[in-house]
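Inspection log for the structure reproduced underneath, given as structure tokens.
Throughout, numbering of the chain's residues begins at 1 and tracks the sequence.
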Amino acid sequence: MISKIKNIATTITANAEEPGFIEKIVHGMTDFFSFFPPTLVVFIISLFPILECRGALIAASLLGVNMWIAVPISIIGNLLPIPFIFLFIERIFAFLKTKTKRIGKIIVKLENKAMSKSEKVTKYKRFGLLLFVGIPLPGTGAWTGALIAVLLKLNLKDSVISIFVGVLMATAIMSLISYGIPALF
């Protein structure tokens with residue numbers, strides 16, 4: 001089981017921006033967690049970085065979860081890790097960097113990847129962070145937005161509000177894509 005989780009984590013970080021990758025991971029995770037109730041699967045997927053509400057709503061649609069149930073579950077799951085990122089990520093990263101070279105290199109790579117996406121956030125501050133989180137593209141979302149806000153030392157209150165509104169925006173877009181478009185056909 002742990003080796004499967006390691007394989008999933010490695011695959012996610014290596015290929016996150018590949019077209020159709022999120023959908024492949026969502027299919028794999030819905031199969032992996034198939035013994036859980038569908039709403040719990042949606043919640044679990046919404047907790048994962050990169051997948052977040054995007055993956056959760058795709059999974060909800062695939063699993064036949066009612067949109068009005070899936071949306072709040074996805075939002076709660078997507079937002080749940082954010083306070084922990086704000087409170088602990090710098091200390092966790094500092095600790096992991098000192099433990100082993102290999103983990104330290106991964107952390108530096110993760111920080112560099114987040115910072116490479118921070119140009120618009122730096123330029124437009126709150127609105128940039130909101131758009132970064134709210135437009136559901138690969139490599140964007142609440143996790144990365146919170147990491148960028150911490151690394152750039154942005155105002156906590158403004159960042160939390162921007163991330164919250166961004167998650168609502170991404171959820172609305174993904175609800176339309178996952179439920180609205182299939183309903184037309």
Side-chain angles (χ1 to χ4, degrees), residues 5 8-9 12-13 16-17 21-22 25-26 29 33 39-60 65 67-97 103 106-175 177-178:
I5 292 171
I8 289 171
I12 287 173
T13 54
E17 295 184 20
F21 179 74
I22 300 293
I25 290 296
V26 167
M29 290 186 78
F33 292 113
T39 51
L40 183 56
V41 174
V42 171
F43 180 73
I44 291 169
I45 289 173
S46 71
L47 292 168
F48 276 82
I50 298 171
L51 298 177
E52 303 183 29
C53 68
R54 277 184 302 249
L57 288 168
I58 292 169
V65 176
M67 182 181 81
W68 301 110
I69 295 169
V71 165
I73 291 171
S74 299
I75 291 170
I76 291 167
N78 198 171
L79 292 173
L80 193 63
I82 302 311
F84 298 101
I85 293 171
F86 278 110
L87 293 171
F88 303 117
I89 199 68
E90 288 180 304
R91 286 183 251 165
I92 292 170
F93 278 8
F95 174 78
L96 292 173
K97 284 179 188 177
I103 292 175
I106 292 170
I107 297 300
V108 169
K109 185 177 177 183
L110 182 63
E111 288 175 331
N112 290 340
K113 184 139 181 127
M115 292 307 290
S116 73
K117 297 179 178 285
S118 69
E119 181 183 326
K120 298 284 188 223
V121 173
T122 305
K123 185 174 180 182
Y124 298 108
K125 303 280 187 217
R126 287 179 287 195
F127 188 66
L129 185 59
L130 184 150
L131 289 178
F132 181 83
V133 173
I135 298 174
L137 297 171
T140 67
W143 277 76
T144 310
L147 181 59
I148 289 170
V150 169
L151 295 174
L152 293 176
K153 306 219 182 296
L154 298 178
N155 178 284
L156 178 65
K157 181 182 173 188
D158 291 343
S159 297
V160 168
I161 292 168
S162 295
I163 289 169
F164 177 74
V165 174
V167 167
L168 294 178
M169 185 174 145
T171 302
I173 292 168
M174 287 309 301
S175 295
I177 292 169
S178 298

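Contact annotation: the side chain of Met169 approaches that of Ile135 to within less than 4.5 Å [non-hydrogen atoms, C-beta and beyond]. Counting heavy atoms from C-beta outward, Val41 and Met29 have side chains that stay 4.5 Å or more apart. Ile76 places a side-chain heavy atom less than 4.5 Å from the side chain of Phe43.
In this structure, Ala114 and Leu151 approach most closely via the heavy-atom pair CB-CD1, 4.3 Å. Of all heavy-atom pairs between Ile45 and Ala59, the closest is CD1-CB, 3.6 Å. Of all the heavy atoms in Ala142 and Val133, the pair that sits closest is N-CG1, 3.8 Å. The minimum heavy-atom distance linking Gly145 with Phe132 is given by the pair N-CE2, 3.7 Å. Heavy-atom minimum distance, Ala149 versus Leu129: CB-CD2, 4.2 Å. When all heavy atoms are compared, the tightest approach of Ser74 to Leu57 is OG-CD2, 3.5 Å.
A distance of 10.5 Å separates CG of Leu154 from CZ of Arg126, quoted to the nearest 0.5 Å. Taking CG from Leu137 and CZ from Arg54, the interatomic distance works out to 7.5 Å, rounded to the nearest 0.5 Å. To the nearest 0.5 Å, atoms CD (Glu52) and CE (Met174) are separated by 11.5 Å. Expressed to the nearest 0.5 Å, how far CD1 of Ile50 lies from OG1 of Thr140 amounts to 10.5 Å. Atom CD1 of Ile73 and atom CD1 of Ile44 lie 11.0 Å apart (nearest 0.5 Å). Note that CG of Leu147 and CD of Glu90 are 9.5 Å apart. Values are rounded to the nearest 0.5 Å.
Remark: side-chain polar atoms of Thr171 are paired, donor with acceptor, to backbone N or O of Val167 under 3.5 angstrom. No donor-acceptor pair under 3.5 Å is formed between the side chain of Ser162 and the backbone N or O of Ser159.
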- After noting the C-alpha distance and the side-chain angles of Cys53 and Ile75, does the key distance pass the side chain to side chain contact (heavy atoms under 4.5 Å, CB included) rule? CA-CA 7 Å; Cys53 68; Ile75 291 170; 5.9 Å; no
- Would Val42 and Ile69 satisfy side chain to side chain contact (heavy atoms under 4.5 Å, CB included), going step by step from the backbone distance to the final call? CA-CA 10 Å; Val42 171; Ile69 295 169; over 6 Å; no
- Take Leu80 and Leu47 through the side chain to side chain contact (heavy atoms under 4.5 Å, CB included) test and state the conclusion after the steps. CA-CA 7 Å; Leu80 193 63; Leu47 292 168; 4.0 Å; yes
- Query: Stepwise, does the side chain to side chain contact (heavy atoms under 4.5 Å, CB included) test hold for Ile163 with Phe86?
  - Reply: CA-CA 12 Å; Ile163 289 169; Phe86 278 110; 3.7 Å; yes
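No more than 12 heavy atoms of other residues, nucleotides or ligands shown are found within 6.0 angstrom of CZ on Phe164.
Just one of Ile107, Ile103, Val150 meets the side chain to side chain contact (heavy atoms under 4.5 Å, CB included) condition when paired with Phe93; it is Ile107.
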